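Just below is one structure, and these are the notes that go with it.
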Amino acid sequence: MKLSKKVTDFLANMPSKSISPKMLATNLGLADNASDYKHLLKTIAQLEENKAIEVTAAGNLALPQPEAEVLEGTFSANPRGFGFVRIGENEPDVFVKRGNTKFAMNEDTVEVKITSPANPLKGNEAEGKVVAIKSRAVTSLVGEFYAFDPEEKKNSGSLLGYVINKNKKIPFRTNISKKGLHPEVGDIVRVDVTHYPDRDFPEVLQGIVTEIIGKATDTGIDVLEVLESLGIPSPFPEDVIAEANAVPDEIDEKDIIGRVDYRNEITFTIDGADAKDLDDAVHIKALDNGNIELGVHIADVSYYVTEGSALDREALNRGTSTYVTDRVVPMLPERLSNGICSLNLGVNRFTQSCVMEINSDGHVVNYQISQSVIKTTERMTYSDVNEMLAGNQEFLDKFAVIAESVEQMAKLHEILLAMRARRGSIDFETQEAKIIVDKLGKPIEIQVRKRGTAEMMIESFMLIANETVARSFATRELPFIYRVHEHPKADKLTRFIDFASVFGIPLKGTPEKMQSKDLQDFMLKIKGQPGEMVLSTMLLRSMQQARYDEDNLGHFGLAAEYYTHFTSPIRRYPDLLVHRLIRAESHPTTEVIEHFEEIIPEVAKLTSSRERRAIDAERAVEAMKKAEYMESYVGTEYDVTISSVTRFGFFVSLPNTIEGLVHMSTLGDDFYNFNERDLTLKGERTGKVFRMGQPVKVKLVKADKITGDIDFEHVDSDLDVVEAVEKRSRDSRGGRDSRDKRPDWKKNKDKDKKPFHKKGGKPTRKK
């Protein structure tokens, strides 16, 4: 056998990753003869030249490692410096540590090299390193202009000052060049980015000011700044407004021809008292065969917003309406959403209707989806209907024309609720905040948003309509856009199952084959238990995010085989597209099918992204307003509940949904160890424990509107939980541990060593 073959075979089968040339010679029996050793070294050199082996930095020999896989994806940044790369909707994300991001920013398209593959058995996610940035997502931003401090100003050169923006996922300040507009301190400005962070300037962007939007003191500018920072446009372009103004105020009778006429049905809207864009109405009645007929009538926005028009392009770009505290950034101009597309009382309106016959088991046994026309009989509010359901005679008399309908609604709601429960729909108990602001936009009260039976009834009816429309397209195998919610990822479910076991509550099934029914049973099991909110929150965090897709992947949370969004075309573009598909594919041609097969995947991807952007904006504004509200309560003590526990502290929540952090650095009475399995912090000396769901007393020490941060400090109280502390060995107190299991040679080797003391963070020998 050739010596080169002996070398590579040995390297391939040796237990270690690399070996020194001398050790290799010894193992091959070539160390004792100078001539043999010289021949081995020549062979090693030839193998290295041919790239058959590698020489490590330490001078050892090894076989070449396969090139790490490089993938392209979208970078999702975390404010603390790390991030994730989304490779694809069906592929697991790749974790990127702080320092390995190559200064990628949120939503940048990047190339990532896998440094550590995922290990599902251990619950480890894949890790990687960003090696290239293919395209930047952020090309402009909005923020407040600040002047340099005197020291910075000396070295500022061609720079004016800097801008701080409110998008937490862009954790860099932006230095401003003198080439653009020259703002004043406190101006809110728009900046075009000209330079991105790199090795020489790792924590700054650079740009030029292209627009001065207003002053930081202007009413409502704080919310506008958040919206602009995330790229959410407020004013509509002129061509969009022109098209909206060209839409007629009333329906022409001749345009009704060909539509199903439901104007003789008792049809009514149910919305919040302040709602102006009424895009859904219902009619309901008992049938002679014992079934119930439910009609869900949705404003036919697609009749006025035609594909490819300026209105359509702008609606697609926005993707969704964005709702933030005291305002809404609409997807469509108000002339449409509050006018001809709003199902206002007593006027003819074009709709698309899904009329269903539903049996006592909650199954749709017959349905008709059509272009239609309605005239609403009543404009109801949720509170009005809830009063009727409560038996308030005043409201029953006032709205007598729909009293029987409301009675049937309550009956059908219970039927649909039971149907969803039987199949395993998961009902998460969550709390939403309602932030009340004054005329200046300052928060004056924060309430928990409450849902009554009327709200839940309408939700039930919209759900069944969405399912029915999705089923009609799936069974005909036509191009369509679905609302999908995939099975939770196994690694996240594994962590949740492990966490739930700490509470002594087992789950059926394995992480890979867990059914929504299993999770629903679990939720019922914990209902009313002390850990209900904690476990419900943890389970919700284990779920995947719902999104839009051209393939019917089902909806795990609803346990629905088919699902879409059909019921809100005024505020969601996918619903508008569904209406367009209903019209276009009622008699589909080959051209129509090919057209929608081509465009739907891109629309699904874009609208999913726009939905995430709107959610980010809503959360950012909510955090800002909550912090602003709490600024006047600094120093106040509260009895609160721990909502989550991390390595750096724990978060607490007040009854009004406000959350804040108790940082580890403020727990000065002890050293706390973090247990990842049961998410607890435990003091080494005191035995004091902090875990999710536990009541504690805290004091508010900081509330920062700019960052949205709310910080508390723990206050000792009778609420604290103390557990037994494990007895420490003498070694931990500076003595010898009798349980020292090291080999004797190791103990003897260490015996004569002098102890180390830390000085300046580096170990130094004691003299």
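Source: prediction; values computed, not measured. Along the sequence shown, residues carry numbers from 1.
Note on Glu407 versus Lys411: no salt bridge recorded, every NZ/NE/NH1/NH2 to OD/OE distance being 4.0 Å or above. Using a cutoff of 4.0 Å between basic side-chain nitrogens and carboxylate oxygens, Lys285 and Glu265 are scored as salt-bridged. Ion pair Lys276/Glu334 not flagged as a salt bridge, since none of the NZ, NE, NH1 or NH2 atoms sits closer than 4.0 Å to an Asp/Glu carboxylate oxygen. Salt-bridge annotation for Glu314 and Arg318: present, with a side-chain N of the basic residue lying under 4.0 Å from a carboxylate O of the acidic one. Looking at Arg476 and Glu585, no side-chain N of the basic residue comes within less than 4.0 Å of a carboxylate O on the acidic one, giving no salt bridge.
The CD atom of Glu467 lies 13.0 Å from the CE atom of Met462; values are rounded to the nearest 0.5 Å. From His283, atom NE2 reaches atom OG1 of Thr376 across 14.0 Å, with rounding to the nearest 0.5 Å. Atom CG in Leu581 sits 10.0 Å away from atom OG in Ser472 (nearest 0.5 Å). Remark: Ser516 OG to Met543 CE distance equals 9.0 Å, nearest 0.5 Å. Note that CG of Leu679 is 11.5 Å distant from CD1 of Ile642, once rounded to the nearest 0.5 Å. Once rounded to the nearest 0.5 Å, the distance linking OG1 of Thr641 with CD of Glu659 reads 10.5 Å.
A distance-only check finds no donor-acceptor pair linking the side chain of Asp361 to the backbone of His363 [under 3.5 Å]. The closest donor-acceptor contact from the side chain of Asp575 to the backbone of Thr567 lies under 3.5 Å. Proximity of a side-chain donor or acceptor of Asp271 to a complementary backbone N or O of Ala275 within less than 3.5 Å is not detected. Between the Gln694 side chain and the Arg691 main chain, a donor and an acceptor come within less than 3.5 Å of each other. Between the side chain of Asp280 and the main chain of Val296, no donor-acceptor pair closer than 3.5 Å is present. Although no hydrogens or angles enter the test, the distance criterion places a donor-acceptor pair under 3.5 Å between the side chain of Gln520 and the main chain of Ala421. Formation of a donor-acceptor pair under 3.5 Å by the Asp521 side chain with backbone atoms of Asp518 is not found in this model. In terms of modelled atom types and a separation under 3.5 Å, the side chain of His555 and the main chain of His485 share no donor-acceptor contact. A donor-acceptor distance shorter than 3.5 angstrom exists from the side chain of Ser643 to the backbone of Phe651, with no hydrogens or angles considered. Ser542 places a side-chain N or O within 3.5 Å of a backbone atom of Met538 that can act as its donor or acceptor partner.
Counting heavy atoms from C-beta on, the side chains of Val365 and Ile358 never come closer than 4.5 Å. For the pair Leu519/Leu507, a side-chain contact is recorded, criterion being any heavy-atom separation below 4.5 Å from C-beta on. Between Ile402 and Met380 the shortest side-chain heavy-atom distance falls below 4.5 Å. Two residues are said to be in side-chain contact when any heavy atoms from C-beta on lie closer than 4.5 Å; Ile270 and Met409 meet this criterion. With a 4.5 Å cut-off on side-chain heavy atoms, Ile446 and Ile436 do not count as touching.
For Ala281 against Ile374, the heavy-atom pair with the smallest separation is CB-CD1, 4.0 Å. Of all heavy-atom pairs between Arg349 and Ser342, the closest is NE-O, 2.8 Å. When all heavy atoms of Ala299 and Pro569 are compared, the pair lying nearest together is O-CG, 3.3 Å. Nearest heavy atoms, Ser360 versus Asn291: N-OD1, 4.2 Å. Nearest heavy-atom pair across Lys375 and Asn348 is CE-OD1, 3.2 Å. Between Val406 and Leu389, the shortest heavy-atom distance links the atoms CG1-CD2, 3.7 Å.
Here the rule is ring-ring contact (aromatic ring centres under 6.0 Å, His included) with Phe480, and of Phe473, Tyr548, Phe566 only Phe473 fits it. No option in Lys605, Arg572, Arg483, Arg571 other than Arg483 meets the salt bridge (charged side-chain N to carboxylate O under 4.0 Å, His left out) test with Glu611. Under the side chain to side chain contact (heavy atoms under 4.5 Å, CB included) test applied with Ser568, the options Asn466, Asp277, Asp279 reduce to a single match, Asp279. Tyr303 pairs in a side chain to side chain contact (heavy atoms under 4.5 Å, CB included) with only one of the listed residues (Arg580, Gln371, Arg583, Gln352), which is Arg583.
Counting non-hydrogen atoms of neighbouring residues, nucleotides and ligands closer than 6.0 angstrom, the CZ atom of Arg619 reaches no more than 12 such neighbours. In the displayed structure, Lys525 atom NZ is contacted under 6.0 Å by more than 12 heavy atoms of other residues, nucleotides or ligands. Crowding of Glu432 atom CD: a count of heavy atoms from other residues, nucleotides or ligands under 6.0 Å not exceeding 12. Counting non-hydrogen atoms of other residues, nucleotides and ligands closer than 6.0 Å to CD of Gln447 gives a total above 12. For CD of Gln393, the number of neighbouring non-hydrogen atoms (other residues, nucleotides, ligands) closer than 6.0 Å is greater than 12. For Asn264, the CG atom counts as loosely surrounded, since its 6.0 Å shell holds 12 or fewer non-hydrogen atoms of other residues, nucleotides or ligands. Other residues, nucleotides and ligands place no more than 12 heavy atoms under 6.0 Å from the CD atom of Glu404. Applying the 6.0 Å contact sphere to CD of Glu357 captures more than 12 heavy atoms from other residues, nucleotides or ligands.
When the ring-ring contact (aromatic ring centres under 6.0 Å, His included) test is applied to His487, the partners found at least two apart in sequence or on another chain are Phe556. With sequence neighbours left out, the side chain to side chain contact (heavy atoms under 4.5 Å, CB included) criterion links Arg420 to Leu416, Leu417, Arg423, Ser425, Ser460, Leu463. Every residue two or more places apart in sequence or in another chain that forms a ring-ring contact (aromatic ring centres under 6.0 Å, His included) with Phe496 is listed here: Phe522.
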Salt bridge (Lys or Arg N to Asp or Glu O under 4.0 Å) assessment of Glu561 paired with Arg471: CA-CA 8 Å; Glu561 187 176 358; Arg471 181 184 293 110; over 6 Å; no
Between Leu316 and Thr607, does a side chain to side chain contact (heavy atoms under 4.5 Å, CB included) hold up when you go through it step by step? CA-CA 7 Å; Leu316 176 57; Thr607 52; 4.2 Å; yes
Stepwise salt bridge (Lys or Arg N to Asp or Glu O under 4.0 Å) test for Lys626 and Glu622: CA-CA 6 Å; Lys626 284 181 175 180; Glu622 183 173 303; 3.0 Å; yes
Audit row: Asn386, Ser383, side chain to side chain donor-acceptor pair (under 3.5 Å) steps and yes/no: CA-CA 5 Å; Asn386 281 324; Ser383 58; over 6 Å; no
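With 3.5 Å as the limit, one finds no donor-acceptor pair spanning the side chains of Tyr563 and Asn552.
The cationic atom of Arg259 (NZ for Lys, CZ for Arg) lies less than 6.0 Å from the six-membered ring centre of Phe350 and within 45° of the ring axis.
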